[in-house]
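Just so you know, ligand 1 is whichever comes first in the structure, and atom 1 is the first atom listed for that ligand.
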Amino acid sequence: MEKIILTGDRPTGKLHLGHYVGSLKRRVELQNSGEFDRIFIMIADAQALTDNFDNPDKIRDNIIEVALDYLSAGLDPSKVNIFIQSQVEALTELTFYYMNLVTVSRLERNPTVKAEIQLRNFETSIPAGFFTYPVSQTSDITAFKATVVPVGEDQLPMIEQAREIVRKFNSLYGETLVEPEAFIPQNSVCSRLPGTDGKAKMSKSLGNCIYLSDPQDEVKKKVMSMFTDPGHLQVSDPGKIEGNTVFTYLDAFCHDEDFAEFCPDYKNLEEMKDHYRRGGLGDVKVKRFLINVLEKELAPIRARRAEYEKDIPAVYEILKKGTEAAKAAANATLADVKAAMRINYFDDAALIQGQQEKYNQK
Ligand code: TRP
C-alpha cells in the first residue's frame, strides 16, 4: 500500500510557534524523510468558513499568510502538494454521502466539537455546517487515501471519527476507503505549547503568540515579557520550573549543542534547570538564551519568507498547481466511492444492459 500524508490548517491567522513545534516542523521532516509516496498539505478554507462565514475576507487574506508560512518553514512544493480545500469540489460531494454514515448524537459526543461550541458560545444556535465539520474532515482525509495524518493532540477525536466512517462505509459498500492513522508529536510539550503569558495555548485572541513571521525585535520583546515564576523575585531566590513558560519553551526548542554555542556555563537544560531551582540564576539570562535558541530556528524561516514575499503571484501559482494535483487524486476516490455506492449510472454499461433485459423479459 502507498504511504500517503494528508494534513492541513484553517487559514484564520498567521501560523505561530505552537503550530511550528506541534506540526509544521514535523511535516518538513516527514517530507525530507523520503518515506512517503505522496504528501498533501491543505489550507482548510472551507472548514474555516464554518465558523467564519460572516467574514470571508479574513479567510481570503489568511490563505496567502499560511502559504507563506508553509513555504518559509521549509515545505518544498516539488515534494508536497499544497492546495486550497474549497477548490477541490470532490471533497464537498464526499461529505454529502458520508453524512449518511454518522448520527447527530455521535457528532454531539465529539470532544473537540463540544469544546469549540463552548468556546464560540454557539450553545443552542450551532450552525449545521460547523456541527458537521468532522464529516467534512473525513472527506479531506479519505479523498487522498491518506494513511498518515500528522496533527496536534486536539485533532485525535477527528481522526477517530474518520476511522469510524471509513469502517462503516467499507462494511456497507465494500472495501473502498483507507483507514488513517494519526501521527502526533511524541514530546507532549510540543503538542501543547503555552502562550507567552503562560496561559493554556497560543491563541490570537489572547495576544500571547510568537508568529513565525515576527521580526527579530518583536520576538525579543515577546520573550523578555514572558511569564516565568512570579515567586522568583531576586536572582538569588530559588525558582520554579513547572509552569515557567521560558523553560517550557526551552523544553520544546533547545538542544544540547545550543549550550556550547550560546550559554557554555551549562552542558544541557537539566543543569540550567538545577541552577534555577537552587537560586542564583536570573530570568534575564534564561530569556537571553531562549532568544538565541529561537533565533537560530527562526532566522532561516524569516529569510525564506522574504524571498517568497517578493513574488506573490508565484506563490498563488504553487497553490494552483498543488490544487490541480489534489483535484485529480480526490476525483479518483470520488469515482471509487460512487461505484461502491452504486450511483455511477452512466459509467456502468452492465447496469443499462441489465435494465434493458428486465424489460425484454416482460
Ligand atoms: N481541523 C484542523 C485544524 O483545526 C484542520 C484540518 C482540516 C485538518 N481538515 C483536516 C487536519 C484534515 C488534518 C486532516 O487544525
Side-chain angles (χ1 to χ4, degrees), residues 4-16 18-27 30 36 38-52 58-59 62-63 65-67 69-70 73 75 80-88 90-92 94-95 98 107 110-117 119-120 129-166 177-185 190-193 201-205 209 322-323 326 329-330 333:
I4 301 173
I5 288 181
L6 175 287
T7 187
D9 301 278
R10 297 181 191 181
T12 53
K14 298 180 285 188
L15 301 183
H16 51 58
H19 295 115
Y20 184 68
V21 288
S23 60
L24 208 42
K25 193 175 173 175
R26 177 68 86 77
R27 289 179 203 170
L30 293 171
F36 291 88
R38 303 195 80 185
I39 303 181
F40 295 93
I41 310 286
M42 181 180 71
I43 302 181
D45 64 332
Q47 185 175 112
L49 283 167
T50 65
D51 64 331
N52 289 278
K58 170 176 157 191
I59 307 306
N62 279 309
I63 285 178
E65 289 290 347
V66 171
D69 285 333
Y70 282 169
L75 288 177
V80 304
N81 296 297
I82 304 175
F83 71 98
I84 305 180
Q85 184 185 29
S86 63
Q87 306 306 295
V88 180
L91 298 177
T92 334
L94 287 172
T95 302
Y98 294 168
L107 287 169
N110 185 309
T112 307
V113 176
K114 248 189 187 160
E116 285 175 314
I117 286 171
L119 196 76
R120 288 168 179 68
F130 179 82
F131 183 65
T132 53
Y133 92 74
V135 184
S136 142
Q137 190 153 335
T138 300
S139 304
D140 304 336
I141 296 168
T142 56
F144 302 96
K145 301 209 149 79
T147 49
V148 175
V149 186
V151 281
E153 213 170 37
D154 64 318
Q155 294 294 304
L156 284 177
M158 298 296 154
I159 313 297
E160 198 41 51
Q161 183 104 58
R163 290 167 63 90
E164 282 174 36
I165 292 176
V166 166
L177 302 174
V178 177
E179 223 177 295
E181 303 279 350
F183 195 49
I184 58 169
C190 295
S191 244
R192 229 162 225 291
L193 193 73
K201 234 178 136 177
M202 276 199 181
S203 116
K204 195 166 80 180
S205 52
C209 303
T323 301
T333 303

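Here the protein heavy atom with the shortest distance to atom 1 (N) of ligand 1 is Gln47 OE1, 2.7 Å. Protein heavy atom nearest atom 8 (C) of ligand 1, with residue, atom name and distance: Gln137 NE2, 3.4 Å.
At a threshold of 4.5 Å between non-hydrogen side-chain atoms, the residues Thr333 and Thr142 do not count as touching. Contact check for Tyr20 versus Leu193: no side-chain heavy atoms found under the 4.5 Å cut-off. No side-chain heavy atom of Ile4 sits under 4.5 Å from any side-chain heavy atom of Val148. Looking at Asp9 and His19, their side chains come closer than 4.5 Å, going by heavy atoms from C-beta outward.
The main-chain N or O of Ser139 is never found under 3.5 Å from a side-chain atom of Thr95 such that the two would form a donor-acceptor pair. When atom types are taken as modelled, the side chain of Arg192 and the backbone of Lys201 share no donor-acceptor pair closer than 3.5 angstrom.
Here's the thing with Asp140: one of its N/O atoms is less than 3.5 angstrom from an N/O atom of ligand 1. An N or O contact shorter than 3.5 Å is missing between Thr7 and ligand 1 by distance. For ligand 1, the polar-atom distance check against Arg10 finds a nitrogen or oxygen pair separated by under 3.5 Å. When only interatomic distances are considered, the shortest N/O to N/O separation between Gln155 and ligand 1 falls below 3.5 Å.
Tested against Arg27 for a side-chain contact (heavy atoms from CB on, under 4.5 Å), the candidates Ile39, Ile5, Thr7 yield a single pass: Thr7.
The contact set between ligand 1 and Met42, taken as ligand atoms under 4.0 Å from a residue heavy atom, comprises 7 (C), 9 (N), 10 (C). Atoms of ligand 1 found under 4.0 Å from any heavy atom of Val149 (numbered from 1 in listed order, with element): 13 (C), 14 (C). Distances below 4.0 Å separate heavy atoms of Ala44 from the following atoms of ligand 1: 7 (C). Close approach of ligand 1 to Leu6 (heavy-atom distance below 4.0 Å) involves ligand atoms 12 (C), 14 (C).
For atom 15 (O) of ligand 1, the nearest non-hydrogen atom from the set Pro134, Ala46, Gly8 comes from Gly8.
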Using side-chain hydrogen bond (donor to acceptor under 3.5 Å, both in side chains), reason through Gln137 and Gln155 one step at a time and then give a plain yes or no.
CA-CA 10 Å; Gln137 190 153 335; Gln155 294 294 304; 3.0 Å; yes
